[in-house]
Structure formats: structure tokens, C-alpha cells
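Atoms considered below: every heavy atom in the structure, side chains included; atoms not considered: hydrogens, waters and symmetry mates. Positions are given from 1 along the sequence.
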Amino acid sequence: MNFLFLLRETGAVIRRRPIATIAFSAMFVIGIMCGILIDKPSAIECYYLNYCDNYIYRIFSESPGGIFLDRLLGSAFFLILVVPSALTIFCVPLQGFLVFYKGFVFGTVTVILVSVYKFSGFLVWLIVLLPQTLLFSLVYILISVIAFDCAGESRCRGGGCGGIRDFLIYLLLAAVAAVICALLEFLIVCLIFRPVSKVL
């Protein structure tokens, strides 16, 4: 399979499953809105405040290699949890929850970065966090739709491993895309954000 063929196949899956694509995208947006608007318990607020403190410290003071490693591990965790959705259609609600949670974390972190760290937090959000999050979330929504399609097709055919083999190829591509997203964040911090923040 070449890359162009996989892109066409991905487009075909999205056209075949428009409701799943819209539903997963909506869950991500709803998660962001909930993360921004809903008051969180103090324990959750404290957890994400510590997360943001650590994130900001790594960007400004420490080597950003830790951010790269954390992002890789987090992306791998989310991608591994897609696999059950490709095996059975009954895991789709779990996948919807994970997409929602991804949006919720982004919304919560957005509020903390902007409200606590003011202008510097907004710059971190805009230059560092936003591009990486949007790219990985797009990849994650696409692989979620492909997993749903794979489970649906397997159910219609009464099983078989052809669909699973194809899904594993897409999962591998999603993993490569996740590495690219993490590398993009790392390079933005090293090559753009740190030099710009020193000037400002």
C-alpha cells in the first residue's frame, strides 16, 4: 500500500462514516467547552495546575526533552486504547469518552495557562500547545473513525482478520503522526519559543 492510496482510503472511510466523524469531532469540541466552562473540584483543579506548572517549568527552565518523552508516552497510551474499538463495536462509547477527555484536558489546561500565567501562558498555549494538540486530535479522531469502521465491517462480515490487518497499518501511521506531533512541539519550543521569549 502506498501513502496516496491510504489517504484515499481514509477519505473513503470518512465519507462512509459521516455520523461517526461528526460525533467524535463533536465529543472533542464538547470536551473543550466543558474543560473551559465547568467548575472542577479542587483536587482536579490542583492536579491540572501542577501539570501546567511542570509544563511551563520544562519549557522555560529545563530541557524540553522531557516534554517530548511525556508526549510520546501519552500519545501511545491513547492509541493503544483505540485497538479495542477496532475489535468490537461495543467499545465505541469508550472511544467517544477518550476523545471527550482529550478535549476536556485541553480546555482545562487552556484556562489555567491563560488565567494563571497571563501573557506568557497565552504564548505557550498559542505557539507550543495549540498546534500539537490540534494535529494529534485530528489524527486521533481519524483513527477512532477508522477503528469504528473496522469493527462495523468485521461485524457485517462475521469476523475475519483482513480488516484488522488494514487497521494495524493505519494505527502504525497514526503512531508515526503522533511522533511527528511530539517532535513538532519539541522543535517549536527549542527553535521558536525559547528564542522569541528571550527577546520579549
Let me check something: any side-chain donor-acceptor pairs from residues 138-146 under 3.5 Å, sequence neighbours excluded? List them with distances.
residue: Tyr140; atom: OH; partner: Phe78; partner atom: O; Å: 3.4
residue: Tyr140; atom: OH; partner: Gln95; partner atom: NE2; Å: 2.8
residue: Ser144; atom: OG; partner: Gln95; partner atom: NE2; Å: 3.1
residue: Ser144; atom: OG; partner: Tyr140; partner atom: O; Å: 2.7

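In the hydrophobic clustering of ILVMFWY residues, with side-chain heavy atoms under 4.5 Å counting as a link, Leu184 and Leu69 come out apart. Under the 4.5 Å side-chain heavy-atom criterion for ILVMFWY residues, no single connected hydrophobic cluster contains both Leu129 and Ile180. Note on Phe90: it clusters hydrophobically with Val99, by side-chain heavy-atom contacts below 4.5 Å among ILVMFWY residues. The same ILVMFWY cluster, assembled from side-chain heavy atoms under 4.5 Å apart, contains both Leu134 and Ile30. Hydrophobic clustering places Phe28 together with Leu94 (ILVMFWY residues linked when any side-chain heavy atoms are closer than 4.5 Å, directly or through intermediates).
Counting heavy-atom neighbours within 6.0 Å of Leu37 CG, excluding the residue itself, gives a total above 12.
Val128 pairs in a side-chain contact (heavy atoms from CB on, under 4.5 Å) with only one of the listed residues (Thr133, Leu123, Ile59, Ile192), which is Ile59.
Between atom CD1 of residue Ile22 and atom CD1 of residue Ile14 there is a gap of 11.0 Å, rounded to the nearest 0.5 Å. Annotation: the span from Phe106 atom CZ to Gln132 atom CD amounts to 9.5 Å, rounded to 0.5 Å. How far CG of Leu49 is from CG of Asn54: 11.5 Å, rounded to the nearest 0.5 Å. Atoms CD1 and OG1, on Ile36 and Thr108 in that order, are 8.5 Å from each other to the nearest 0.5 Å. One distance of note links CG of Leu98 with CE of Met27; it measures 10.0 Å at 0.5 Å rounding. Taking CD1 of Ile89 as the reference point, atom SG of Cys91 lies at 10.5 Å (rounded to 0.5 Å).
Using a 4.5 Å heavy-atom threshold, the side chains of Arg16 and Val13 count as touching. In this structure, Ile112 and Glu45 have side chains that are in contact, with non-hydrogen atoms separated by less than 4.5 Å. Lys102 is listed as a side-chain neighbour of Ser137, based on a closest heavy-atom distance under 4.5 Å. Between Phe167 and Asp149 the shortest side-chain heavy-atom distance does not fall below 4.5 Å. Put simply, the side chain of Ser75 reaches to within 4.5 Å of the side chain of Phe136, judged on heavy atoms. Side-chain contact between Tyr55 and Val109 is absent, with no heavy atoms from C-beta onward closer than 4.5 Å.
Scanning all heavy atoms of the two residues, the minimum distance from Ser120 to Phe60 falls at CB-CZ, 4.4 Å. Between Arg58 and Gly66, the shortest heavy-atom contact is NH1-O, 3.4 Å. The two residues Thr88 and Ala151 come nearest to each other via the heavy atoms C-CB, 3.8 Å. In terms of heavy atoms, Ala20 sits closest to Phe148 at CB-CD2, 3.6 Å. Looking at every heavy atom in both residues, Ala86 comes nearest to Cys150 through O-SG, 3.8 Å.
By the 30° and 60° cut-offs, the orientation of the rings of Tyr51 relative to Tyr48 is perpendicular.
Phe186 meets the ring pair (Phe, Tyr, Trp, His ring centres under 6.0 Å) test with Phe68; sequence neighbours excluded.
Remark: the backbone N or O of Gly35 is paired with a side-chain donor or acceptor of Lys40 at under 3.5 angstrom. Remark: side-chain polar atoms of Lys118 are not paired, donor with acceptor, to backbone N or O of Val116 under 3.5 angstrom.
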